[in-house]
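Report on one structure; see the data block that follows.
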Amino acid sequence: MTTIEELQAKIAELEAKLSAQNATARNKIDSMSAEVVDSNPYSRLMALKRMGIVDNYENIRLYTCAVVGVGGVGSVTAEMLTRCGIGKLILFDYDKVELANMNRLFFQPHQSGMSKVEAAAQTLRNINPDVEIVTYNYNITTTDNFQHFMDTISTGNLTNGPVDLVLSCVDNFEARYTINTACNELNIKWFESGVAENAVSGHIQFIVPGETACFACAPPLIVASNIDEKTLKRDGVCAASLPTTMGIVAGFLVQNTLKYLLQFGEVTHYLGYSALNDFFPTMRMKPNPNCEDRYCRKRQEEYAAKPKPVKEENVAKTEEKPLHEENEWGISLVDESATPEEVPKSVAEGLSYAYEEGPKVLRDEANPQDDVNLDELMAQMKSM
Amino acid sequence: MVDEGTRKTLSNIPLLTTKAGPRDKELWIQRLKEEYQSLIKYVQNNKSADNDWFRLESNKEGTKWFGKCWYIHDLLKYEFAVEFDIPVTYPVTAPEIALPELDGKTAKMYRGGKICLSDHFKPLWARNVPKFGIGHAMALGLGPWLAVEIPDLISKGVVSYKEKANS
């Protein structure tokens, strides 16, 4: 039997532990400081300004990203953005944390059984209380939730406007297609990301409705994994995963998110990763004028009607002085970016479509069946 | 790609023509009628081929489907509840068929008991939008899944025969 004294001692011990934990959590910080002191969580990020990489780092606080899918890629993505001090994160997932997820980063065994969004929010708020975190624990692909998802991403930013980016970190075609539908309709830019079920390849893709190919413009792309399909065994399992591949893809995703939001460097439209041979294909895909998604076609028309800004040459800022004065061996760089707009038949080296497209059937309005009654059909089916 | 039996079954399920999802209001009603007609024919086919293996019904809106499927192994009937939602992007994306009571009992499942489909399913589905409907998803997805997984689950003792399932 435990005595009252023992229990009291236990309580005191737990209280001490709890207060120690709370003591390490920091208070909110009003504005990002560039001061280089040990106690400033933003000093190394603000240093990007001094180094001339980013002009306006503190603007990151103005931005909102929606992260759809808080699994192996999404949770790490959310953590990176939280540590970078993003303004607001909206997390969507309907799954629970399980011990089977522990081969991936971020979640911890003691969070098993919690919803992924709740567990993630807890950790993220502790890491950086300055980030506003909102969570939704539901499946976006069902009719009940889809409208709420649309409303949330179109009014969810810090000033009740649309989010700046949607980051798709989901693990299935249906959810990607759903995000694509919503973003085309709402005209919201988004990043698609994915890791192959064999865990040795992945990709990110930047989708600007009307301007770059959307997810419905062509069959999904596959990064060649250089594995003979016949030797790829699938016996008894659906999917494999590695923390490495997922971490790398999350890194690519957030890197390009930061480049887009803070306007530095170039945002890659498609970046693939093949782990077995460390091959990183990149490319750019124009939208399909016959895309099945009518909002994609509408966005394409809008984009075509928009006057294009003349691309400023980036020479102004870079020094013209040759990097190597002498060139004893005659080494020169060959420009491989000659025709970035063209989509070759084979997509790009190391990339192929998941399957060949079937004949496109647009909405068929024929075949009216007014003579049959739905209730009768339902009853007939039920009585079988 | 698909075995001869499945191919034959598929070819006897009426194809659909209306490309509409649950967000399309009136056109969705039309699609729903076609879904029901196609399913009724498919169940009739199964009955006359002495291979009756599922029943389905939906809510009024046709967005949530539920029912049962069964599999005969060594003359015993093993029955399971089936359920799935019609995704907002249907019929471009197929429904994700789930057998909730087997959730966690096999690796060939995603969370919530959604069955893990073969690599062939999605390409075949994508090439047949909007002709394939719920009946095709059952024939191409759940049917082959049960045929492979249930005998295996029975042999492992994960699934056992329940007397009252024999209704």
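Just so it is clear, the model here is predicted, and its values are computed rather than measured. Chain letters run A, B, ... following the sequence lines, proteins first and then strands; every chain starts at 1.
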Requested in this report: Name the option with the most non-hydrogen atom pairs under 4.5 Å to chain A; the candidates are Leu32(B), Asp152(B), Leu39(B).
Outcome: Leu32(B)

Requested in this report: Sequence neighbours left out, what passes side-chain contact (heavy atoms from CB on, under 4.5 Å) with Thr135(A)? Give chain and number order.
Outcome: Leu91(A), Val117(A), Glu118(A), Ala121(A), Ile133(A)

Query raised in the report: Taking all non-hydrogen atoms of both residues, which atom of Met378(A) and which atom of Ser58(B) are closest, and how far apart?
Result: CE-OG, 3.6 Å

Report summary line: Test side chain to side chain contact (heavy atoms under 4.5 Å, CB included), reference Thr142(A), set Asp85(B), Ile86(B), Thr63(B), output is Asp85(B)

Query raised in the report: Looking at CG of Leu117(B) and CZ of Phe173(A), how far apart are the two atoms once the value is rounded to the nearest 0.5 Å?
Result: 13.0 Å

Query - Side chain / backbone / both / neither for Lys114(B) at chain A, heavy atoms under 4.5 Å - result: side chain

Query - Crowding at NZ, Lys382(A) (>12 non-hydrogen neighbours, <6.0 Å) - result: no

Report task. Determine which residues belonging to residues 96-108 of chain A lie within contact range of chain B, meaning some heavy atom pair is under 4.5 Å apart, and list them by number or answer 'none'. Result -> none

**Report entry** Contact origin within Asn172(A) toward chain B - heavy atom pairs under 4.5 Å
**Finding:** side chain

Query raised in the report: In chain order, what residues pass the side-chain hydrogen bond (donor to acceptor under 3.5 Å, both in side chains) check against His136(B), with sequence neighbours excluded?
Result: none

Query - Test side-chain hydrogen bond (donor to acceptor under 3.5 Å, both in side chains) applied to Asp103(B) - qualifying residues, sequence neighbours left out - result: none

Report task. Pick out which of Glu35(B), Lys60(B), Lys33(B) makes a side chain to side chain contact (heavy atoms under 4.5 Å, CB included) with Leu374(A). Result -> Lys33(B)

Query raised in the report: Any side-chain heavy-atom pair from Thr143(A) and Glu61(B) closer than 4.5 angstrom?
Result: no

Report task. Please assess Thr93(B) against Arg176(A) for the test side-chain contact (heavy atoms from CB on, under 4.5 Å), listing each intermediate value before the final yes or no. Result -> CA-CA 10 Å; Thr93(B) 61; Arg176(A) 288 186 174 94; over 6 Å; no

Query - Proximity breakdown for Asn139(A) and chain B, heavy-atom pairs closer than 4.5 Å - result: side chain

**Report entry** Structural part of Asp293(A) lying under 4.5 Å from a heavy atom of chain B
**Finding:** neither

Query raised in the report: In terms of heavy-atom proximity below 4.5 Å to chain B, should Thr181(A) be classed as side chain, backbone, both, or neither?
Result: side chain

Query raised in the report: Which one of Val92(B), Asp52(B), Leu56(B) has the most heavy-atom pairs closer than 4.5 Å to chain A?
Result: Val92(B)

Query - Heavy-atom side-chain proximity of Tyr90(B) to Glu174(A) below 4.5 angstrom - result: no

Report task. Measure distances from Asn180(A) to the heavy atoms of chain B and classify the residue's part below 4.5 Å as side chain, backbone, both or neither. Result -> neither

Report task. Test Tyr36(B) against Gln380(A) for side-chain contact (heavy atoms from CB on, under 4.5 Å), laying out the working first. Result -> CA-CA 9 Å; Tyr36(B) 267 102; Gln380(A) 189 187 344; over 6 Å; no

Query raised in the report: Which atoms of Glu96(B) come close to chain A, meaning under 4.5 Å heavy atom to heavy atom: side chain ones, backbone ones, both, or neither?
Result: side chain

Query raised in the report: Is there a side-chain contact between Met384(A) and Arg55(B) (heavy atoms, below 4.5 Å)?
Result: yes

